K.L.:
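I'd like to ask some things about the structure below.
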Amino acid sequence: MFRKRSYSLAVIGILLGSIILLMLFGSRLFTDIEEDPQVEEEKRIVVGVSQLGSESGWRTANTESVQNAFTTQNGYFLIFNNARQKQENQLKAIRSFISQRVDYIIFSPVVETGWETVLQEAKEAGIPVILMDRNVDVEDESLYVTCVGSDFTAEGEKAGHWLEQELRRRGYAGNDVNIVILMGTEGSSSQIGRTAGFASVAAEHKNWNILDQEFADFTSTRGREVMRGFLRKYPDIDVVVSQNDDMTFGAIEAIRESGRTVGVDGDIVILSFDALRSALEMVAAGDINVDIECNPNQGEYLLRVIDMLEAGGQVERRYYVEEDVFTIENVTQELLRERTY
Ligand code: AHR
């Protein structure tokens, strides 16, 4: 009995002692763990991102993906600049990143040419440059570390192969097929690659007449405008290849205005690129026949690349994001629900 009581007294004593110790040192302990903004800021990796613009739904999703990846919680300080489709703005942004001595430069080049001098300046300043989405055409490949983005030529080929199969399925394989192409920004990797990829498949089919192809800048307004022009010039268009969803939205409006119909049961077959949720809804409704995906979620890939570089590792010259092809057969309600852009 007596022994039991002395045990309990000892336990209570230990508990009280621990509480007093915690009160004395606990607050100090927590202050040490808490983020000291000054010190933490110094430890953050500074990344300058030059985004080429905000021309499309795809671009908005791409920007969000980068902004969600390079957060302070992940240890980054992001300096973001939107070049509004102007190469001169991108050149200015990159030079300002160099003078701010950022740790990394990420940029999505609006066109492929004209970057040697500024990339040389970044190299001399010892700042690694990572390309996002689009590529640059430079002789000296050491001017950038790696490129994260899509295989645009493969996307163009996928569009061509889908059309081959569709014509075969409809029993039109040998008939004349009149095609018009709405191209994206002149000189951009996505325009160059998709045009070349589709052309390589078209070259195998003597009955595919490419009536016309025109730049429509990846925007809905220009897509509508250029399509109206095509419809005035060519009364017998069978197929529209539109190099992004925004141009497709405009083109479909123009086709409907002209009294013609689109899609699975329509007069004109529509091939599009990007696979935004609003476009996939049109695929599910049968208004767009096929949508070749272009994946804007590149932030996570870029994070991994910088992690590898920070760890002193080697990175590949090229990272391709995963992409699919969507038709009425595989656009499910679940896919639409999960699509965040
Ligand atoms: O470079 C990617 C392309 O640029 C996307 O297909 C288009 O929507 C964007 O503007």
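Atom set for the values below is all heavy atoms of this structure, side chains included, hydrogens, waters and symmetry mates excluded. Ligands are counted one by one from 1 in listed order, and the atoms in each one are counted from 1 as well. Owing to the predicted nature of the structure, the values given are computational and were not obtained by experimental measurement.
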K.L.:
Enumerate the residue pairs fulfilling ring pair (Phe, Tyr, Trp, His ring centres under 6.0 Å) with a member in residues 242-261, sequence neighbours excluded, ordered by first and then second residue.
P.N.:
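The answer is none; no pair qualifies.
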K.L.:
Are Trp208 and Phe198, when compared by the centres of their aromatic rings, separated by less than 6.0 Å?
P.N.:
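When the ring centroids of Trp208 and Phe198 are compared, they turn out to be within the sub-6.0 Å range.
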K.L.:
Say whether Glu329 and Thr327, considering side chains only, have a donor N or O and an acceptor N or O under 3.5 Å apart.
P.N.:
yes
K.L.:
Would you call Arg169-Glu166 a salt bridge at under 4.0 Å N-O?
P.N.:
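The answer is yes: the pair qualifies as a salt bridge.
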K.L.:
Is there side-chain contact between Phe326 and Asp324, with heavy atoms separated by less than 4.5 Å?
P.N.:
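Yes - at least one pair of side-chain heavy atoms lies under 4.5 Å apart.
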K.L.:
So what's ligand 1 close to, N/O to N/O, under 3.5 Å?
P.N.:
{"unit_1": "ligand 1", "atom_1": "1 (O)", "unit_2": "Asp133", "atom_2": "OD1", "d": "2.9"}
{"unit_1": "ligand 1", "atom_1": "1 (O)", "unit_2": "Asp133", "atom_2": "OD2", "d": "3.1"}
{"unit_1": "ligand 1", "atom_1": "1 (O)", "unit_2": "Arg134", "atom_2": "NE", "d": "2.9"}
{"unit_1": "ligand 1", "atom_1": "1 (O)", "unit_2": "Arg134", "atom_2": "NH2", "d": "3.4"}
{"unit_1": "ligand 1", "atom_1": "1 (O)", "unit_2": "Ser190", "atom_2": "OG", "d": "2.8"}
{"unit_1": "ligand 1", "atom_1": "4 (O)", "unit_2": "Arg59", "atom_2": "NH2", "d": "3.0"}
{"unit_1": "ligand 1", "atom_1": "4 (O)", "unit_2": "Arg134", "atom_2": "NH2", "d": "2.9"}
{"unit_1": "ligand 1", "atom_1": "6 (O)", "unit_2": "Arg194", "atom_2": "NH1", "d": "2.9"}
{"unit_1": "ligand 1", "atom_1": "6 (O)", "unit_2": "Arg194", "atom_2": "NH2", "d": "3.1"}
{"unit_1": "ligand 1", "atom_1": "6 (O)", "unit_2": "Asp274", "atom_2": "OD1", "d": "2.5"}
{"unit_1": "ligand 1", "atom_1": "8 (O)", "unit_2": "Ser56", "atom_2": "OG", "d": "3.2"}
{"unit_1": "ligand 1", "atom_1": "8 (O)", "unit_2": "Asn244", "atom_2": "ND2", "d": "2.9"}
{"unit_1": "ligand 1", "atom_1": "8 (O)", "unit_2": "Asp274", "atom_2": "OD2", "d": "2.6"}
{"unit_1": "ligand 1", "atom_1": "10 (O)", "unit_2": "Glu55", "atom_2": "OE2", "d": "2.3"}
{"unit_1": "ligand 1", "atom_1": "10 (O)", "unit_2": "Ser56", "atom_2": "OG", "d": "3.0"}

K.L.:
Is it true that Phe107 and Trp115 have ring centroids separated by less than 6.0 Å?
P.N.:
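Ring centroids of Phe107 and Trp115 are less than 6.0 Å from each other.
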